[in-house]
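First up is the structure itself, then whatever we jot down about it.
Start at 1 with the first residue, then count along the sequence. Note that ligands are numbered from 1 as they come in the structure, with each ligand's atoms numbered from 1 the same way.
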Amino acid sequence: MKIYDYKGFPNPTRVRIALAEKNALQAVEFIHIDVLAGEHREPAFIAKNPSATVPVLELADGTFISESSAITEFIDQHFDGISLFGTSAQERAVIHMLQKQAESGVLDAIGAYFHHATEGLMESYQNKDWGLKQKQNAINKMHYFNQLLSTRKYLAGNNYSVADITLFAGLAFADFVKIEIPPECKHLLDWRASIESRPAVASI
Ligand SMILES: N[C@@H](CCC(=O)N[C@@H](CS)C(=O)NCC(=O)O)C(=O)O
């Protein structure tokens, strides 16, 4: 199996952490896509993912899978080890809910800020007000997650899950664009330090 990505970018990081948690990084061939040079917008890559984003997973039969949530779900099912998506119906639904909130409320909101209110990536269209609004939305969500983490160890409860991975990648994106986690969000900051110290996360 192959993964087309750009090491260190937020969404590729989600996939690499999931693989590391499963001890499966060696099972994958990584193919570097030079996003900074626009390689992801060339026809050869668009044929793999019409959305022109990394990461993309290619399976042995030639199937291409984009969207980090889908790729990490495949990884969770395909490889043995810790369950990242939960087991019971309730646990799976709660993890899904929190991953979605972390993705749209933090990671994608910060992405909108990056693409619209900073230089971004060779953007053909920008709406600065939209970008700034999304930055504020991301900060509001940090407060929301801080509150949640005042009563639980991990985002979805007692067990580490893909929701933690997605929020962690979102906060790394915040660092990159210099959006500070509000210092009063102590539970969020402590949680982040605990995720950072996981061997799989530290190995990425
Ligand atoms: N929803 C997609 C988003 C992927 C995404 O936006 N990837 C970024 C890198 S972190 C990218 O390829 N950006 C290129 C661009 O926006 O032109 C996912 O979950 O994988």
Tabulation required: pairs of a nitrogen or oxygen in ligand 1 and a protein nitrogen or oxygen under 3.5 Å; columns are atom names and distance to 0.1 Å; otherwise 'none'.
unit_1, atom_1, unit_2, atom_2, d
ligand 1, 1 (N), Glu67, OE1, 2.7
ligand 1, 7 (N), Val54, O, 2.8
ligand 1, 12 (O), Val54, N, 2.9
ligand 1, 17 (O), His40, NE2, 2.9
ligand 1, 17 (O), Arg41, NH2, 2.9
ligand 1, 19 (O), Glu67, OE1, 3.4
ligand 1, 19 (O), Ser68, N, 3.1
ligand 1, 19 (O), Ser68, OG, 3.3
ligand 1, 20 (O), Ser68, N, 3.0
ligand 1, 20 (O), Ser68, OG, 2.8

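- More than 12 heavy atoms of other residues, nucleotides or ligands shown are found within 6.0 angstrom of CZ on Phe64.
- No more than 12 heavy atoms of other residues, nucleotides or ligands shown are found within 6.0 angstrom of CD on Gln90.
- Listed by first and then second residue, the salt bridge (charged side-chain N to carboxylate O under 4.0 Å, His left out) pairs involving residues 187-204 are Glu21-Arg198, Asp175-Arg192 (not counting sequence neighbours).
- When every heavy atom of Leu155 is checked against every heavy atom of Leu148, the shortest pair comes out as O-CD1, 4.3 Å.
- Of the N and O atoms on the side chains of Asp61 and Thr63, at least one donor lies less than 3.5 Å from an acceptor on the other residue.
- Remark: Glu67 does not engage Arg14 in a salt bridge, criterion side-chain N to carboxylate O under 4.0 Å.
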